[in-house]
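What follows is a short report on a single structure.
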Amino acid sequence: MSDMTAVVTIAHRRHEHLRRQRESLLAGTRHPDLHVVVALDDPTLEAWQPAGSLPTVVVRGPADQRGLPLAASRNLGASVAIDAGATVVIGLDVDCLVGAGLVASYADAVRSEPDVLWSGPVTYLPPSAREVEPSGLADLDDPHPARPAPGPGQRWSGGDPDLFWSLSYAVHADAWARVGGFWEEYAGYGGEDTDLGHSWVASGRTLGWLGDARAYHQHHPTETPPTQHLDAILRNGAIFARRWGRWPMGGWLEAFEELGLVDRLPGGGWTRRSLA
């Protein structure tokens with residue numbers, strides 16, 4: 001295995017967001033050696049041959065009748081990167097632009113502490129920032145308040161596994177192989193990120209947060225709570241509960257309850273409310 005750094009992005013459409021992500025990667029202080037793009041139910045993206053100096057591999061993602069197989073697709077992308085020689089694997093959501101120091105910060109941290117699952121602060125950009133240049137991202141820095149947000153130059157370890165999310169993270173190939181990556185039973189929205197956080201900690205390893213690995217989430221329309229993902233959240237929540245003894249995504253489930261969409265079960269679980 002060579003000493004490569006690879007970025008893995010899974011994408012279902014969002015082509016313009018992906019193009020802008022690549023622009024931000026090329027504007028960074030250190031470029032990745034490889035960009036692996038996993039195309040999910042997206043023949044147009046499968047045929048993509050991007051120009052520029054960033055070596056890119058586009059692979060077809062798996063299919064799942066239950067919904068987009070996010071967990072399995074991230075694992076596939078990581079496997080392609082590792083098989084190509086990557087020791088550092090950086091996972092990025094397709095909506096994320098990267099700060100200038102993200103790749104360098106992740107690469108340095110993973111190589112110095114390879115058993116840590118590293119994440120960085122993520123800022124949710126407003127719609128008005130749709131055309132912002134990579135050089136202007138730092139001026140919009142405002143990390144999400146629900147996640148740890150160390151300042152530039154800071155490195156925190158021992159994070160809460162419930163707070164891991166796959167928008168932006170980095171791992172060493174050896175630790176990834178030992179933990180096993182994302183649990184592929186999940187499909188569609190919800191659950192797989194928290195599951196990986198708990199799997200990582202259960203393996204005796206820790207989570208960490210890097211102040212210099214800053215990312216910026218491009219705006220797109222969303223629903224709050226995400227009612228379009230109700231069935232996936234219920235299904236994936238039940239998978240998580242079977243594996244870890246409790247339900248995740250409690251905030252969303254309580255919001256669905258207030259809307260009359262779900263009911264609590266006597267044993268602590270949740271079910272879709274009957275219309276009868």
Side-chain angles (χ1 to χ4, degrees), residues 1-11 18 21-40 45-46 48-62 69-94 96-120 122 155 164-184 192-193 196-197 199-200 203 205-210 212-215:
M1 184 181 294
S2 63
D3 195 25
M4 287 173 49
T5 296
V7 167
V8 173
T9 306
I10 67 173
L18 178 60
Q21 180 184 97
R22 288 176 61 84
E23 286 183 352
S24 70
L25 287 168
L26 289 169
T29 59
R30 184 187 299 181
H31 298 170
D33 300 294
L34 178 67
H35 191 192
V36 177
V37 177
V38 181
L40 297 181
L45 183 55
E46 286 179 33
W48 187 45
Q49 296 180 335
S53 58
L54 176 54
T56 304
V57 175
V58 181
V59 296
R60 176 184 295 177
L70 308 179
S73 298
R74 293 191 187 101
N75 285 350
L76 172 62
S79 295
V80 170
I82 292 167
D83 288 346
T87 53
V88 176
V89 177
I90 298 171
L92 286 178
D93 187 277
V94 67
C96 281
L97 307 175
V98 304
L102 180 141
V103 172
S105 177
Y106 272 149
D108 291 344
V110 168
R111 291 182 176 120
S112 64
E113 297 183 72
D115 275 335
V116 177
L117 174 57
W118 292 105
S119 300
V122 178
R155 182 183 291 190
F164 172 74
W165 55 359
S166 59
L167 291 181
S168 170
Y169 64 96
V171 295
H172 193 283
D174 292 341
W176 183 259
R178 292 191 179 101
V179 175
F182 289 91
W183 188 256
E184 296 190 2
E192 79 280 1
D193 289 5
L196 179 62
S199 294
W200 206 268
S203 76
R205 295 169 173 82
T206 60
L207 277 64
W209 293 81
L210 292 172
D212 288 334
R214 307 184 90 80

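Since we're looking at a predicted model, the values are computed, not measured. The figures that follow rest on heavy atoms only: side chains count, while hydrogens, waters and symmetry mates do not.
No donor-acceptor pair closer than 3.5 Å links the side chain of Thr9 to the backbone N or O of Val37. No side-chain donor-acceptor contact under 3.5 Å links Glu46 to the backbone of Val38. In this structure, Ser24 contributes its side chain and Leu97 its backbone to no donor-acceptor pair below 3.5 Å.
Considering all non-hydrogen atoms of both residues, Gly61 and Leu76 come closest at CA-CD2, 4.1 Å. Residues Pro50 and Trp48 come closest through the heavy atom pair CB-CZ2, 3.4 Å. Across Leu45 and Ala11, no two heavy atoms sit closer than the pair CD2-CB, 3.6 Å. Across all their heavy atoms, Leu207 and Gly197 have their closest contact at CD1-O, 3.9 Å. Minimum heavy-atom separation, Leu210 to Ala109: CD1-CB, 3.4 Å. Taking both residues in full, the closest heavy atoms of Pro62 and Ala72 are given as CG-CB, 4.0 Å, listed atom of the first, atom of the second, then distance.
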Decide yes or no on side-chain contact (heavy atoms from CB on, under 4.5 Å) for Ser168 and Leu102, but give the supporting numbers first. CA-CA 9 Å; Ser168 170; Leu102 180 141; 3.8 Å; yes
So Ile90 and Val103, side-chain contact (heavy atoms from CB on, under 4.5 Å) or not? Walk me through it. CA-CA 8 Å; Ile90 298 171; Val103 172; 4.2 Å; yes
From CA spacing to verdict: side-chain contact (heavy atoms from CB on, under 4.5 Å), Val88, Met4: CA-CA 6 Å; Val88 176; Met4 287 173 49; over 6 Å; no
Take Asn75 and Glu184, measure what side-chain contact (heavy atoms from CB on, under 4.5 Å) needs, and give me the verdict at the end. CA-CA 8 Å; Asn75 285 350; Glu184 296 190 2; 2.9 Å; yes
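Residues Glu192 and Ser166 have side chains that never bring a donor and an acceptor to within less than 3.5 angstrom of each other. Side-chain polar atoms of Ser105 and Arg214 form no donor-acceptor pair below 3.5 angstrom. Counted by atom type alone, Tyr106 and Thr5 present zero donor-acceptor pairs between their side chains at under 3.5 Å. Under the 3.5 Å distance criterion, with hydrogens and angles disregarded, no donor-acceptor pair is assigned to the side chains of His172 and Thr87.
In this structure, CD in Glu23 is found 8.5 Å from CG in Leu26, a value given to the nearest 0.5 Å. The line from CG of Asp174 to CD1 of Ile82 is 8.5 Å long, rounded to the nearest 0.5 Å. In this structure, OH in Tyr169 is found 10.0 Å from CH2 in Trp200, a value given to the nearest 0.5 Å. Atom OG of Ser119 sits about 5.0 Å away from atom CZ of Phe164, to the nearest 0.5 Å. Considering NE2 of His31 and CG of Leu34, their distance stands at 14.5 Å, rounded to 0.5 Å. Taking SG of Cys96 as the reference point, atom CG of Leu25 lies at 10.5 Å (rounded to 0.5 Å).
With sequence neighbours excluded, the residues forming a salt bridge (Lys or Arg N to Asp or Glu O under 4.0 Å) with Arg205 are Asp115, listed by chain and number. Under the side-chain contact (heavy atoms from CB on, under 4.5 Å) criterion, Val116 pairs with Glu113, Trp118, Thr206, not counting sequence neighbours. Every residue two or more places apart in sequence or in another chain that forms a salt bridge (Lys or Arg N to Asp or Glu O under 4.0 Å) with Asp193 is listed here: Arg74.
Only one option out of Leu18, Leu40, Leu167 pairs with Val94 in a side-chain contact (heavy atoms from CB on, under 4.5 Å); it is Leu18.
In this structure, Val8 and His35 have side chains that are not in contact, with every pair of non-hydrogen atoms separated by 4.5 Å or more.
Classification of Asp108 and Arg155 as a salt-bridged pair fails, no side-chain N sitting under 4.0 Å from a carboxylate O.
A 6.0 Å sphere centred on CH2 of Trp176 holds more than 12 heavy atoms belonging to other residues, nucleotides or ligands.
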